[in-house]
2 protein chains.
Amino acid sequence: MATTRDRILDAFEALLVGQGSRAATLDAVADEAGVSKGGLLYHFPSRDDLVVGMLDRLREMGVKDAEKMRAAPQGAVSYYVETSKHTGSAFDRTMIAAARIAQESDARASRALDDLRDAWFGVLAEQLDDEALARTIQLICDALYFNAIMGLAEEASLPAVRTVLARLGALDTRA
Amino acid sequence: MATTRDRILDAFEALLVGQGSRAATLDAVADEAGVSKGGLLYHFPSRDDLVVGMLDRLREMGVKDAEKMRAAPQGAVSYYVETSKHTGSAFDRTMIAAARIAQESDARASRALDDLRDAWFGVLAEQLDDEALARTIQLICDALYFNAIMGLAEEASLPAVRTVLARLGALDTRA
DNA sequence: GTCTATAGATGGATAGAC
DNA sequence: GTCTATCCATCTATAGAC
């Protein structure tokens, strides 16, 4: 069973992702988490503490994901492209939630996302040995992500990306 | 001299882009535009009317941009890639502002952005005659855009994209 | 650790003077 | 067309009971 603390962060993220920061009020979060506002404020004394708690979780998840990507049997590029299609995982949700906060000029959130991207880029560059290609692949995956975030129509994109990456000889990076 | 109406929309967009929807309150918009709240509410009777007014401007600008892209002397791909680096133009700002609103599950904003992307894709596909490539280029430019939106570090990306697109023979599409 | 009650500030919106 | 004054709902946060 998840701790109350985690359920509150889950609720905060769900509201950020689903309806944006404006809708993620303390009342709404408490309601979504099934606690009273007072109960929420016991765990997170201010709204800003919710943000900090969420970014802490993001960093933890990010470290684990980079390790998984590095060790992926299908190669880091395929792993990265496939997992960028926004599967709705807990990690996805936390990333998108952090993106919402970053857009409010929150330097901590921007920093956390930047660090994540740096870690991924490190693995891509390591396996591809081609910096320009690694950066371009990262951009493509950013876009798959962000389009998903914004609810834009994108079913056609992933097959197109696979086609072009195959053309570039970038898909199979196993030694 | 810009009309008061336009100055108000400019202020609304500036706040959305700079500090997010949460900060774009009627008070803040009125202040930024140099009018009173009452003055603002004469032109836009509710906050939602600000959103509608902004999306109307976006559509107007979008039509003009697609025409410019189609007629660009350097070819549509180059035009599209170069203008995607977030130059800070009025059109840029309105697009990003619309993106902020779209993230709050506003179907009208998502629709307006989707229509814009459709128009661009049409021009790309027309000049490249390669759908997979057109879609991938659009994704790359989405990402250049979105990373700029979120204040992520991206100076290294544009040269990388030029390199890879040249490798794909996609940069010069002039007949 | 969780709740209710409430304070104090800020938000969106109306009324009416100029 | 723009302003001030004001209303009411909502938001963040505190206090204190259980």
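Letters A, B, ... mirror the listed sequences (proteins, then strands); counts begin at 1. A quick note: this is a predicted structure, and the numbers were derived from the prediction, not measured.
The side chain of A/Tyr42 contributes no N or O atom lying less than 4.0 Å from OP1 or OP2 of C/dT2. For the pair B/Thr4 and D/dG1, the criterion of a side-chain N or O lying under 4.0 Å from OP1 or OP2 is not met.
In this structure, CD1 in B/Ile140 is found 11.0 Å from CG in A/Asp142, a value given to the nearest 0.5 Å.
Straight-line distance from the CZ atom of B/Phe44 to the C1' atom of D/dT2: 15 Å, rounded to whole Å. Atom CG in A/Leu40 sits roughly 14 Å away from atom P in C/dG1 (whole-Å rounding).
The minimum heavy-atom distance between B/Met69 and B/Gln127, with the atom names listed, is O-NE2, 4.4 Å. Taking all atoms of both residues into account, the shortest heavy-atom contact from B/Leu158 to B/Glu82 is CD2-OE1, 4.0 Å.
In this structure the side chain of A/Phe121 reaches within 4.5 angstrom of the side chain of A/Glu131, judged on heavy atoms.
Within the structure, ring pair (Phe, Tyr, Trp, His ring centres under 6.0 Å) pairs that include any residue of residues 55-83 of chain B comprise B/Tyr80-B/Trp120 (at least two apart or interchain).
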Using the 3.5 Å cut-off, write out each protein N or O paired with an N or O of nucleotides 10-14 of chain C and the distance between them.
| unit_1 | atom_1 | unit_2 | atom_2 | d |
| --- | --- | --- | --- | --- |
| C/dG12 | OP1 | B/Arg47 | NE | 3.4 |
| C/dG12 | OP2 | B/Leu26 | N | 2.7 |
| C/dG12 | N7 | B/Lys37 | NZ | 3.0 |
| C/dA13 | OP2 | B/Arg47 | N | 2.8 |
| C/dA13 | N6 | B/Lys37 | NZ | 3.4 |

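A donor and an acceptor atom, one from each side chain of B/Ser105 and A/Gln19, are nowhere located under 3.5 Å apart.
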